[in-house]
2 protein chains.
Amino acid sequence: MPQTPATLDAVQLGSYFALMDVAGLLRHAVEQQLRDDGDLSYVQFQLLARLALDSPTGSERMTDLADGVVYSRSGLTYQVGLLEKVGLVDRAPSVDDERSVTVTVTEAGRERVATVIPGHVEVVRQQLFAVLSQQETRALGELLAPVREHMRSAPPRSATTRRRR
Amino acid sequence: MPQTPATLDAVQLGSYFALMDVAGLLRHAVEQQLRDDGDLSYVQFQLLARLALDSPTGSERMTDLADGVVYSRSGLTYQVGLLEKVGLVDRAPSVDDERSVTVTVTEAGRERVATVIPGHVEVVRQQLFAVLSQQETRALGELLAPVREHMRSAPPRSATTRRRR
DNA sequence: AATAGGTGCTTCGAATTCGAAGCGATAATC
DNA sequence: GATTATCGCTTCGAATTCGAAGCACCTATT
């Protein structure tokens, strides 16, 4: 295999670091806005948004939520517990499988998402899209979409290709 | 201002989520490799790499380190403390300013970085660059570099543009 | 239909994270 | 040059995170 040197060239390094930095900075900015405007963590927002905006029924099983978000099961239990405590979601055993727990957004949960969205969008626009043209935005998405597919197909929690020591 | 609706179009949303997802998944993969191969967290690796590879002297002030990494001061104190405890860095008061602390990589620290780098590079290549052509890799970097500049210039920890409630 | 194994979620303890408050050291102002 | 503000770092407590272990339920094998 001649084409796999143990180095990243300068272009690759630059892209890699830029990606990680941008995501980190964006996440910080977004988290602060969510905290200020709606008293939500990024994860909580993701969960609520997924339930309120993506799910037709407003409900999902814990496992499906965990798979959507990049997140551990136990962490999910914790965050959903917090959301339930403040009345933004309900939790109930699934009808067809007693093990499963179905999480459902409450009306208050939907309202909270609606409250937070405008500021959220505004931050993302200012931080990320302010410096990207429409074409560049499209290009970015088209570059990253297949990468995401690729990464999701190779589960990150167990696959390091090989493990030494 | 007619060009600032409180919405992100589908293309923007897709790019935004793809970016956050990819970065999150990549970070997971990388953290696992670092843990397995060198018993380092991602932050610790960033710190060591910056000292060992980017700094001519192998030293930096705590504040400069914190600014380079996206990280809180107290978190930095904690992690540098861990690194010092295992002998990968030294910590000493600065000569010119008694308040400052100068952190320096030790020889062991340099070796640790060297140990971890090949696997690290391999993970990044497999997760990220396996699905990107050379041109695409370049394009990604060129898209993100100005974004990073923009974000760094507007400090994320204090600027939410405006805060309600 | 009994047993063995797999699934879905939670509990637990340890580690990591942050912001606020605190402490000396330095800089700025008068 | 004394006082006041600022800076650089650490300590502290609270919150969040994870993986491992545990528990209840479901599925497959016989």
Side-chain angles (χ1 to χ4, degrees), chain A residues 24-25 27-32 34-36 39-47 59-86 89-104 155-158 160 163, chain B residues 24-25 27-32 34-36 39-47 59-86 89-104 155-158 160 163:
Chain A
L25 290 163
R27 176 145 185 179
H28 268 293
V30 156
E31 281 191 329
Q32 177 160 359
L34 291 173
R35 190 66 68 196
D36 289 348
D39 216 24
L40 293 175
S41 70
Y42 183 67
V43 181
Q44 290 171 343
F45 171 71
Q46 279 186 301
L47 296 175
S59 310
E60 284 212 52
R61 298 188 317 150
M62 291 288 280
T63 291
D64 297 333
L65 280 176
D67 288 347
V69 182
V70 180
Y71 214 62
S72 71
R73 305 302 160 95
S74 52
L76 183 65
T77 296
Y78 176 72
Q79 287 295 349
V80 170
L82 292 183
L83 288 175
E84 186 185 28
K85 197 180 305 181
V86 295
V89 303
D90 282 334
R91 217 172 358 178
S94 298
V95 283
D96 52 326
D97 187 339
E98 276 295 317
R99 295 169 301 179
S100 292
V101 170
T102 299
V103 184
T104 309
R157 281 190 198 293
S158 50
T160 319
R163 62 191 57 206
Chain B
L25 289 164
R27 176 145 184 178
H28 269 291
V30 156
E31 281 191 328
Q32 177 159 0
L34 290 173
R35 190 67 65 197
D36 289 348
D39 216 25
L40 293 174
S41 69
Y42 184 66
V43 180
Q44 291 171 343
F45 172 72
Q46 279 186 302
L47 295 174
S59 310
E60 285 213 50
R61 297 188 318 151
M62 291 287 281
T63 292
D64 297 333
L65 280 176
D67 288 347
V69 181
V70 179
Y71 214 63
S72 71
R73 305 303 161 95
S74 52
L76 184 65
T77 296
Y78 177 73
Q79 288 295 348
V80 169
L82 291 183
L83 288 175
E84 186 185 29
K85 198 180 305 181
V86 294
V89 302
D90 282 334
R91 219 173 355 179
S94 298
V95 285
D96 52 325
D97 187 339
E98 276 296 316
R99 293 170 302 180
S100 293
V101 169
T102 300
V103 184
T104 309
R157 283 191 195 291
S158 50
T160 319
R163 62 194 57 208

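In what follows, chains carry the letters A, B, and so on, assigned in the order in which the sequence lines appear, proteins first and then strands, with residues in each chain numbered from 1. All values reported here derive from a predicted model rather than from experimental measurement.
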Exercise. Side chain of A:Ser72, base of D:dG19: donor and acceptor closer than 3.5 Å?
Worked result: no
Please list each protein N or O that sits under 3.5 Å from an N or O in nucleotides 26-28 of chain D, with the distance.
residue, atom, partner, partner atom, Å
D:dC26, OP1, A:Glu98, N, 3.0

Exercise. Checking all strands, does B:Ser100 fall into the base, sugar-phosphate, or nothing category for heavy-atom contacts under 4.0 angstrom?
Worked result: sugar-phosphate
For this session: Go through C:dT16, C:dT10, C:dC18 for me and flag the one nearest to the A:Val101 side chain.
Result: C:dT10
Seminar exercise, completed: note: A:Tyr71, atom OH; C:dC9, atom P; distance rounded to Å ~ 16 Å
Exercise. Choosing from C:dC18, D:dT10, C:dC12, which nucleotide comes nearest the side chain of A:Ser74?
Worked result: C:dC12
For this session: Decide, yes or no, whether a salt bridge links B:Glu31 with B:Arg35 under the criterion of side-chain N to carboxylate O below 4.0 Å.
Result: no
Exercise. Among A:Thr104, A:Val80, A:Thr102, which residue meets the side chain to side chain contact (heavy atoms under 4.5 Å, CB included) test with A:Arg91?
Worked result: A:Val80
For this session: Could you check which of C:dA15, C:dT11, D:dT17 has an atom nearest any side-chain atom of B:Tyr78?
Result: C:dA15
Seminar exercise, completed: B:Leu76 CG to C:dC18 P, in whole Å, measures 10 Å
Problem set entry | Interface residues of residues 59-68 of chain B with DNA chain D (non-hydrogen, below 4.0 angstrom) | B:Arg61, B:Met62, B:Thr63
Problem set entry | Rounded to 10 degrees, the angle between the two terminal axes of the helix from C:dA1-D:dT30 to C:dC30-D:dG1, each from five pairs | 30°
Exercise. Could you state the NZ-C1' distance from B:Lys85 to C:dA15, rounded to the nearest angstrom?
Worked result: 12 Å
